[in-house]
There are 2 protein chains.
Amino acid sequence: MDALGFTEHDHQHCISEALRTAEQTCADQGLQLTAQRRRVLEILLGEHRAMGAYEVLDVLRAEGLAAQPPTVYRALDFLVGNGFAHKIERLNAFVACAHPGERHAPAFLICSDCGTVAEMPSREIAQAVRGAAATLEFDVARMVIEAEGCCPECRAARAAG
Amino acid sequence: MDALGFTEHDHQHCISEALRTAEQTCADQGLQLTAQRRRVLEILLGEHRAMGAYEVLDVLRAEGLAAQPPTVYRALDFLVGNGFAHKIERLNAFVACAHPGERHAPAFLICSDCGTVAEMPSREIAQAVRGAAATLEFDVARMVIEAEGCCPECRAARAAG
DNA sequence: GGAAGGCGCGTTATATCGTAACGGCACGGC
DNA sequence: GCCGTGCCGTTACGATATAACGCGCCTTCC
């Protein structure tokens, strides 16, 4: 598992791959990846960046759809609920899942300069959280793990500039 | 460092202690703990729970003040900026710091049943986050670590009920 | 003493994020 | 046919957060 976003990659491929995985997963689990849900996922996949719900809405409207906020939020709820996207709490915004299909407690890196959001390996982190919680006899159901900072590219840009 | 919130304690004492620490810290660092800022901190300290800004605003208004949202947000910005309170991103709400004065990257436990928020030791967690980020050459400036779940008391209550 | 600037705060208005609630439509089961 | 379920359109609204302006009180600096 690597973290896309900070590394060069074939973005068209990464989009279509994710879409295919989503389609397959929905087919397997009897979920309906409707046109709207699929379109919202595509929009999110278009950028390795968190988008606000209203930003997604603007894209839909630019395509000529007469969409309203609930439309977008419903699609996002579906995507988040089924692991195809994640909400970045720190930004009140949404990002496509980089590892759909794999069961994972997500952890994110948010570059404050360029806005890129990457999903990173989180096994050790999740372990540490559960461990700390266990000493207080707390049962963890869900975690929010988000780190804000500077990505390698922006650091290089800063150094250069 | 223990996590209050899930354990019995002398709450009045815990409030006045925190207030005194805040006063001392402000005096030391040339910060102004004005009446409003102090009042907002007191309100937050009143509960081991995250309060929305507008909830704090309601309390101020109930006390007869003609407060507006910016008043509360400014006080909260001051408290958060100087480590006397924390924002719980998951809840868009604020909680008094349980360990003012100590330098720490906070990590929180949020009970979904009773709403109690506890601050827990986070050294290992922060370490794990920095470690995972480092493998991607990402510089972490700030972390959001929030675990939602069930606290021991609510678990006991569930088992009993 | 008075100009200049920083800071805290009041106030108005507005931006941004999110949801409740109702109704229509399509599809599948019986 | 009739009903339940799930998806979606639509209206309206609630909740969270900030921009921008101005005032008063300091301190600084000359």
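Values below: all heavy atoms of this structure, side chains included; hydrogens, waters and symmetry mates excluded. Protein chains get the first letters and strands the later ones, always in sequence-line order, with residue 1 at the start of each.
Near DNA chain D, meaning a heavy atom under 4.0 Å from it, residues 62-73 of chain B has Pro69(B), Pro70(B), Tyr73(B) in order of number.
Nucleotides of DNA chain D nearest to Lys87(B) and Phe78(A) differ in position, and the one nearer the 5' end is that of Phe78(A). When each of Gln36(B) and Asp77(A) is assigned the nucleotide of DNA chain C with its nearest heavy atom, Gln36(B) is the one assigned upstream, toward the 5' end.
For Gln12(B), there are no side-chain hydrogen bond (donor to acceptor under 3.5 Å, both in side chains) partners two or more places apart in sequence or in a different chain. Residues meeting the ring pair (Phe, Tyr, Trp, His ring centres under 6.0 Å) test with Phe108(B), sequence neighbours left out: His86(B). Residues passing the side chain to side chain contact (heavy atoms under 4.5 Å, CB included) test with Gln36(A) are Thr34(A), Thr71(A), sequence neighbours excluded.
No continuous path of ILVMFWY side-chain contacts below 4.5 Å connects Met51(A) to Val95(A), so the two sit in separate hydrophobic clusters.
When DNA chain C is scanned 5' to 3' for any atom under 4.0 Å from a heavy atom of chain B, the first and last hits are dC7(C) to dT12(C). Running 5' to 3' along DNA chain D, contacts with non-hydrogen atoms of chain A at under 4.0 Å begin and end at dG6(D) to dT11(D).
Residues Ala53(B) and Val72(B) come closest through the heavy atom pair O-CG1, 3.5 Å. Between Gly46(B) and Ile15(B) the shortest heavy-atom distance is CA-CD1, 4.0 Å. A pairwise comparison of heavy atoms in Glu42(A) and Arg39(A) identifies OE1-NH1, 2.6 Å as the closest pair.
Within the 4.0 angstrom heavy-atom criterion, base atoms lie near Arg74(A).
Between the side chain of Ser122(B) and the backbone N or O of Ala105(B) there is at least one donor-acceptor pair closer than 3.5 Å.
Here Glu137(A) does not pair with Arg155(B) in a salt bridge; the nearest charged N to carboxylate O distance is not below 4.0 Å.
Of the inter-residue distances, the one linking Glu119(B) atom CD with His99(B) atom NE2 reads 5.0 Å to the nearest 0.5 angstrom.
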